[in-house]
Visitor: 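Please find one structure pasted underneath; my questions will follow.
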Amino acid sequence: MAEEYTQAALLNVVATPHPEGVYERLLRSAAYNVVQYWGSEHAAISPLRKVRNQDGFFDFSLSLWIEINPDEPTIRKEDLAKANFPREGREFSEAYGINGRVFTCVLDTQTHVITVELKNEDGKRLSAGRAELIFQNLLSPLVLGADAEDVEVTLIPQDDALDYVLGFNRLDRLEILVKLPNNDDITTETNRVLGRLREMNAKSEKSVLSRLAGTDGIEPDEEHQTLARVAAAGNGKVETVGLDEDGEKSERSTREKPKIVRYILQRGQSYLGAIRSVARQARDDHDPI
């Protein structure tokens, strides 16, 4: 018998400014707001529920569906002819979305990370990139309002993502986008970046290095190595262009390497319990640069 398992992605969420309780408040505000994130595909989240006996954890559901537009023509299958949307179907289309999928999510307010289920108990799947896009929309000013905190949502990449993007035989281009880290990421490197950005009243910094002709490749200095580590840890992205070991030119990005957690369910464990376990493990493993 095949092992029953789920998969999850981890989203780093950074609000600026960062008052106490901001993440719980923003996600509660986003609940039931419908966003169109890809073509006719729509999404919304349910209200947060505090996880019993788990300080700082809240779970909620992410619902996805395809919206029917009754003002667009239909195709009558029996003869493949174009036809008007049936009048009796309008009430259905107002009340229901089709091809529905529901995924469990867990917010950890201590680490400002959202664990998003990518494979649910029905076998339905969601890509990590789409999950990131959905929450970028849900936590945008269009949903939260112009007076809400500025929110950045970024997929946490694999631990080796930075080694991957910097691992060219010859590094021709290095682009680093680092976003304002959270105030509570208490580490030397993130605090250095945080301090520099705050001194400049900036929420992000983009650095681009290009190889000097005739050289063996870019050799990032200590400052750019720091920026790259902070960005790759979930506070931005790192993208490169270079020559691989076969002499072929290609592009790489930390966005290509999202951290996907595969979790095997224990006997009698629910999918909800499994995603909560992934979230707890992510907190235990949380070690910002």
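Worth saying up front: this structure is predicted, and the values here are computed from it rather than measured.
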Visitor: Could you check whether Q158 and Y164, counting side-chain N and O atoms only, form a donor-acceptor pair closer than 3.5 Å?
Guide: no
Visitor: For K50, does the NZ atom have more than 12 heavy-atom neighbours from other residues, nucleotides or ligands under 6.0 Å away?
Guide: yes
Visitor: Would you tell me whether S140 and N137 have side-chain atoms, one donor and one acceptor, within less than 3.5 Å of each other?
Guide: no
Visitor: Could you go through the salt bridge (charged side-chain N to carboxylate O under 4.0 Å, His left out) check for E24 and R28 one step at a time?
Guide: CA-CA 6 Å; E24 178 186 353; R28 289 192 185 281; 3.1 Å; yes
Visitor: Check the pair L118, F103 against side-chain contact (heavy atoms from CB on, under 4.5 Å), reporting the backbone distance first and the verdict last.
Guide: CA-CA 7 Å; L118 301 181; F103 298 90; 5.9 Å; no
Visitor: Less than 4.5 Å apart, any side-chain heavy atom of D59 and any of I275?
Guide: no
Visitor: If you count the non-hydrogen atoms of other residues, nucleotides and ligands that lie under 6.0 Å from NZ in K124, is the total more than 12?
Guide: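 No - once you tally the heavy atoms of other residues, nucleotides and ligands closer than 6.0 Å, there are 12 at most.
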Visitor: For A44, what residues pass the side-chain contact (heavy atoms from CB on, under 4.5 Å) criterion, not counting sequence neighbours?
Guide: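 A44 satisfies side-chain contact (heavy atoms from CB on, under 4.5 Å) with V34, W65 only.
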Visitor: Do E4 and K119 sit within salt-bridge range, that is, some charged N less than 4.0 Å from a carboxylate O?
Guide: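 A salt bridge is absent here (no side-chain N lies under 4.0 Å from a carboxylate O).
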Visitor: Are side-chain N/O atoms of Q281 and D285 paired as donor and acceptor at under 3.5 Å?
Guide: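 Result is yes, a qualifying pair exists.
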Visitor: Answer yes or no: does atom CG of D216 have more than 12 heavy-atom neighbours from other residues, nucleotides or ligands under 6.0 Å?
Guide: no
Visitor: Would you check if R130 and W38 make a side-chain contact, meaning some heavy-atom pair closer than 4.5 Å?
Guide: yes
Visitor: The test is salt bridge (charged side-chain N to carboxylate O under 4.0 Å, His left out); show your working for D71 and R90 and say whether it passes.
Guide: CA-CA 9 Å; D71 295 323; R90 285 183 172 270; 3.3 Å; yes
